[in-house]
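Read through the structure below, which is laid out as structure tokens, and then see the notes.
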There are 2 protein chains.
Amino acid sequence: MTLKQSYGIGELAREFDVTTRTIRFYEDQGLLTPRRRGQTRIYSPADRVALKLILRGKRLGFSLAESGDLIRLYQPTGDNRQQLGALLEKIDEKRTQLEQQRVDIQIMQQDLDAAEERARQALKELENKESSDV
Amino acid sequence: MTLKQSYGIGELAREFDVTTRTIRFYEDQGLLTPRRRGQTRIYSPADRVALKLILRGKRLGFSLAESGDLIRLYQPTGDNRQQLGALLEKIDEKRTQLEQQRVDIQIMQQDLDAAEERARQALKELENKESSDV
DNA sequence: GGGGAAGTTTACGTTAACGTAAAGTGGCCT
DNA sequence: AGGCCACTTTACGTTAACGTAAACTTCCCC
């Protein structure tokens, strides 16, 4: 069994735990481009991937506009040299940003380690007090 | 020469490239607690560290409330067991979140690699066309 | 003592990213 | 036919995180 060819809005909403309002909003922002059967939206696998990317972006604090950029990095626009140059620049920008975030995460993780250590120490001392409290 | 003992608001604003409005806003939210000399705010090294943490949090998409949590992880509240337990839980939560972000970053970096590769290929093909265009 | 420069308070404005509500459509079931 | 979903459009509401402007004080400089 190969992958599904199309998805309904509710289906995607359930899968990614967002509201249908949110999905329609992303379309409004030009991030998703479902086709229609009558009134009803029908989403392609590419739309699904785009949605995934948007949500991943959100977890990293990206704006929808930024995620839009990322999505467009994937659409082979049959470009000219100008655009390809700009593309490579954008990629480089994002790379720099991600690298900064990686560093930030490392520092925070160390901070958390230290905080946990202090908390555990404090707990230990509480227990000591207690045993001498009997 | 040891570190500075206090900072002015403009000084911090310049160092971290934020406006004084922003710094005052963070105080309003309870994230910074400068003392006063008359009307004027005077920031301690601890305030400066907190500010640093807030901005790092922002780069990772944390809300100010979340960064507030992180700051409080540092303030030894002379806690009871209840609070220490809650503290350890929060630390664990944050750890999980950071771990997810780490994964997200890795995926995005791979995506960028792929996108760059495609862009470079497209450039190559443009050049080929050109040389056969003469 | 007039004027910057840097600080202050108060308050209204703005943007992003949806939430929420109202009112309608289309299909399917019994 | 009635009812219940799941879907639609339209539109106003909301929250976070500041921006921006106005109207002060304080201090320093010449």
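Bear in mind the structure is a predicted one, so any value in this text is a computation, not a measurement. Only heavy atoms go into these numbers, but all of them, side chains included; no hydrogens, no water, no symmetry mates. Letters go in sequence order (proteins before strands), and every chain restarts at 1.
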Through direct or indirect side-chain contacts below 4.5 angstrom among Ile, Leu, Val, Met, Phe, Trp and Tyr, which residues connect to [X]?
X: B:Val49; answer: none
X: B:Ile107; answer: B:Val103
X: B:Ile42; answer: none

Q. Taking only residues two or more places apart in sequence, or in another chain, which ones meet A:Thr33 in a side chain to side chain donor-acceptor pair (under 3.5 Å)?
A. none
Q) For A:Asp113 and A:Gln109, does a side-chain donor sit closer than 3.5 Å to a side-chain acceptor? A) no
Q: Quickly work out the A:Arg37 CZ to C:dG27 C1' distance and round it to whole Å.
A: 11 Å
Q: Give the rounded distance in Å between these two atoms: CZ of B:Arg24 and C1' of C:dG7.
A: 7 Å
Q.
By nearest heavy atom, map A:Thr40 and A:Arg21 onto DNA chain D; which one lands nearer the 5' end?
A. A:Thr40
Q: Nearest-nucleotide wise, let me know which of B:Leu64 and A:Ile9 is further upstream toward the 5' end of DNA chain D.
A: A:Ile9
(Q) If you assign each of A:Gln29 and A:Gln39 to its closest nucleotide in DNA chain C, which residue comes earlier from the 5' end? (A) A:Gln29
(Q) Closest-nucleotide mapping onto DNA chain C: is B:Arg36 or B:Arg14 further toward the 5' terminus? I mean the 5' end. (A) B:Arg14
Q: Can you sort out the partners of B:Asp69 under side-chain contact (heavy atoms from CB on, under 4.5 Å), two or more places apart, ordered by chain and number?
A: B:Arg72, B:Lys90
Q) Under 4.0 angstrom, heavy atoms only, what part of the nucleic acid is A:Thr20 near: base, sugar-phosphate, or nothing? A) nothing
Q: With a 4.0 angstrom cut-off to heavy atoms of chain A, pull out the first and last contacting nucleotide of DNA chain D, in 5'-to-3' order.
A: D:dC7 to D:dA11
